[in-house]
Amino acid sequence: MSSEILLQVEGLCARAAGNEILRGLDLTVRAGEVHAVMGPNGSGKSTLANVLAGRPGVEVTAGKVLYRGRNLVEMAPEERAREGIFLAFQYPVEIPGVTNLYFLKAAANAVRKHRGLEELDAMDFLSLARRKMKLVEMDEKMMSRAINEGFSGGEKKRNEVLQMAILEPVLSILDETDSGLDIDALGIVSRGVNSLRSAERSMIVITHYQRLLDHIVPDRVHVLAGGRIVRSGGKELALELEEQGYAWIEGGAGAA
Amino acid sequence: MSSADSLEHLATREYKWGFVTDIEADSVPPGLSEDVIRLISSRKGEPEWLLAWRLEAYRRWLTMPEPMWSTVRFPLIDYQSIVYYSAPKQKKKLESLDEVDPRLLETYEKLGIPLAEQKRLAGVAVDAVFDSVSVATTFREELSKKGILFCSFSDAVREHPDLVRKYLGSVVPYADNKHAALNSAVFSDGSFVYVPKGVRCPMELSTYFRINAANTGQFERTLIIADEGSYVSYLEGCTAPQRDENQLHAAVVELVALERAQIKYSTVQNWYPGDAEGRGGIYNFVTKRGKCLGRASKISWTQVETGSAITWKYPSCILVGDDSIGEFYSVALTANRQQADTGTKMIHIGKNTRSTVVSKGISTGHGQNTYRGQVRIQKGADGARNFSQCDSLLIGPECGAHTFPCLEVHNPTATVEHEATTSKIGEDQLFYCQQRGISAEDAVSMIVNGFCKQVLKELPMEFAVEAQKLLGVSLEGSVG
Ligand SMILES: Nc1ncnc2c1ncn2[C@@H]1O[C@H](COP(=O)(O)OP(=O)(O)OP(=O)(O)O)[C@@H](O)[C@H]1O
Ligand SMILES: [Mg+2]
């Protein structure tokens, strides 16, 4: 495969609250590819996702991150989002007082405006949202509730995928979107994710479980431990990890 | 802009109404004494009974302690350093608006309240109060055709002394609290409204209060009487110049609703709040109260409080008439070092009286926001009902919210419900919005707007627009 390089991470070191968390991470994602990132708890997977999305407080201390050739580190988080980077959060936050529908419309229009598209009015947006809700089999009632407020764990994850389906990002990062989902929901959410797969779009799927990768079949699987990618392989690697765990990693699991 | 910057920005928003109008003023020397009160009264050519009332109030004031029960903190006020009367110099008696000093007209135009005939806001009659006096009242003639009296308080004393004498102090007696006593002693002007039986006031009535002169307190009084079966919607707005010294604003508002009458009273309060370090700003100590005197009458308060260094006000309803209704909808925003202690009292006296309280407190920066409410169901108030909801929104780590609801139920048939929530907006929430392409600033607006929606929708349209601007809320969010 030699499609365009969408994301290039080289020698990335990052810290949060004074702790060195990523210590020389390399990762290349080409257009159309799905990369799975696995690894022990605390190894730095969410931190990688946060660096890519630009979370305040996570500081890049060395290395480079290029997104479509541009230095990602210099871009504001909202600009990255408008440029097509989407993070499905491991722990989506609740925002009281703002309805899901209103929020999604604001987000969709912010992205559309940036792309030079006309903003959608309430009616047009509603019909778009309805179509996408069907895709993830989400109840319309959830749209008139405050963002994630009182949502169950699984509903929050489904809401993340709904947002992703509406925003149609170029690079999606799914941080443990499968945890907390029941078996049926896992199938539904995976279908939603797969519907976005295309030759132009790429995904980084962070997960602990092989079963998600049965649904969303990755091109590459990486093992992140101690802030570095310690092993990469094809989809078989996930199966192997499922059997063996992380005991084989030199210096112990996720030694930090 | 990072989310932390944006939180900071919201906490230190600029005050755009801080200019001073350069106009010669006719003031009395600073300080408070019986002589000063006599002077104010004689300047205004008042009748003897009113002077006597003022002096009684003053003597009572001297004996009253400062109210210390609220959570607001500030140095003791030096009452002798305040100027109690300051009026822009103009010709003796104005025959028409054309005679108003152009600098005054310009001031109001700058504030977005054009008074001149051609430019007036459609459907809104305005009484413009500048420091201690009313400088203009629009649409007076049109309103008088329907028998509606809308004029400055001073004119009312001259032209409708019987009504003023009958109702002045009937809802807020001068001995009610220290600030009300001070107001009763020195009040200089304000607005007066009387809506006759069965008349539905065809336009919004409003008063725009402007403090201009330095070291001057503003002490205005508003009296609104809605006769049987009438309806009136009244709005007030306020701004003041940016100064390092605190200025005192101690107002009294009295509302009287007779049988089946309805009064809707809306406030957008935007007095100068002081700077980021807490220097300057208005002390806004206001006593507002309405009496639902007649059966099935209704008084509804809506307030958006964004200004003032300190806000201390509790617009209340005394539900005397059976089946009468009291409502209180409030948004109070405190940023920088602002303090707000606000809420309401709903006193149920008549049978089947109902009240609704919706309070939204937003704190950011080092702002402190207190809700203080009292619901009292008297013995005879069979079947009385109250619903109260108090929500607090904390934006950033340094601010605070406090709620003190107080319930007193003396009738077993009453139903009283109280709900309260506190939510925090931190960097995580803002980052979540940013990750979806929404700037931190827009995210804050969106969250604030969503939080206040329930109250903002109670405001008349023109005011809702104004209020949203003050809350830094984009207009788009309001509708839909
Ligand atoms: N803001 C922070 N302050 C302090 N420590 C942090 C911060 N963010 C991450 N860490 C630490 O960095 C390490 C990596 O965290 P990260 O969330 O990236 O792990 P993870 O691989 O996603 O783990 P999991 O599989 O449990 O989700 C952990 O030890 C975590 O405690
Ligand atoms: Mg994680």
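Note that the coordinates shown come from a computational prediction; the quantities given were computed from them, not determined experimentally. What's counted below: heavy atoms across the whole structure, side chains too, no hydrogens, waters or symmetry copies. Below, read A as the first sequence line, B as the second, and so on, with proteins coming before strands; counting in each chain starts at 1.
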Using distance alone, with no hydrogens and no angle criterion, decide if [X] and [Y] have a side-chain donor and acceptor under 3.5 Å apart.
{"X": "B:Asp391", "Y": "B:Gln389", "result": "yes"}
{"X": "A:Glu78", "Y": "B:Ser439", "result": "no"}
{"X": "B:Glu458", "Y": "B:Thr302", "result": "no"}
{"X": "B:Thr342", "Y": "B:Gln303", "result": "yes"}

What part of [X] is in contact with chain B, defined as an atom under 4.5 angstrom from a non-hydrogen atom: side chain, backbone, both or neither?
{"X": "A:Phe103", "value": "both"}
{"X": "A:Ala122", "value": "neither"}
{"X": "A:Arg80", "value": "neither"}
{"X": "A:Asp121", "value": "neither"}
{"X": "A:Glu79", "value": "neither"}
{"X": "A:Leu167", "value": "side chain"}
{"X": "A:Pro92", "value": "both"}
{"X": "A:Leu104", "value": "neither"}

Contact leader toward chain A among B:Gln435, B:Gln429, B:Gln454, where contacts are heavy-atom pairs under 4.5 Å: B:Gln435

With A:Leu6, the side chain to side chain contact (heavy atoms under 4.5 Å, CB included) member among A:Arg68, A:Arg30, A:Glu33: A:Arg68

Plane angle bin for B:Trp312 and B:Tyr314 - parallel if under 30°, tilted between 30 and 60°, otherwise perpendicular: perpendicular

Whether B:Phe328 and B:Tyr371 hold their rings parallel, tilted or perpendicular, with breakpoints at 30° and 60°: tilted

Interchain contact, B:Cys433 with chain A, by part (heavy-atom threshold 4.5 Å): both

Segment of B:Phe451 engaging chain A (4.5 angstrom heavy-atom cut-off): backbone

Within 6.0 angstrom of A:Arg112 CZ, more than 12 heavy atoms from elsewhere: yes

Residue, of A:Ala110, A:Gly97, A:Gly57, that accumulates the most heavy atom pairs under 4.5 Å with chain B: A:Gly97

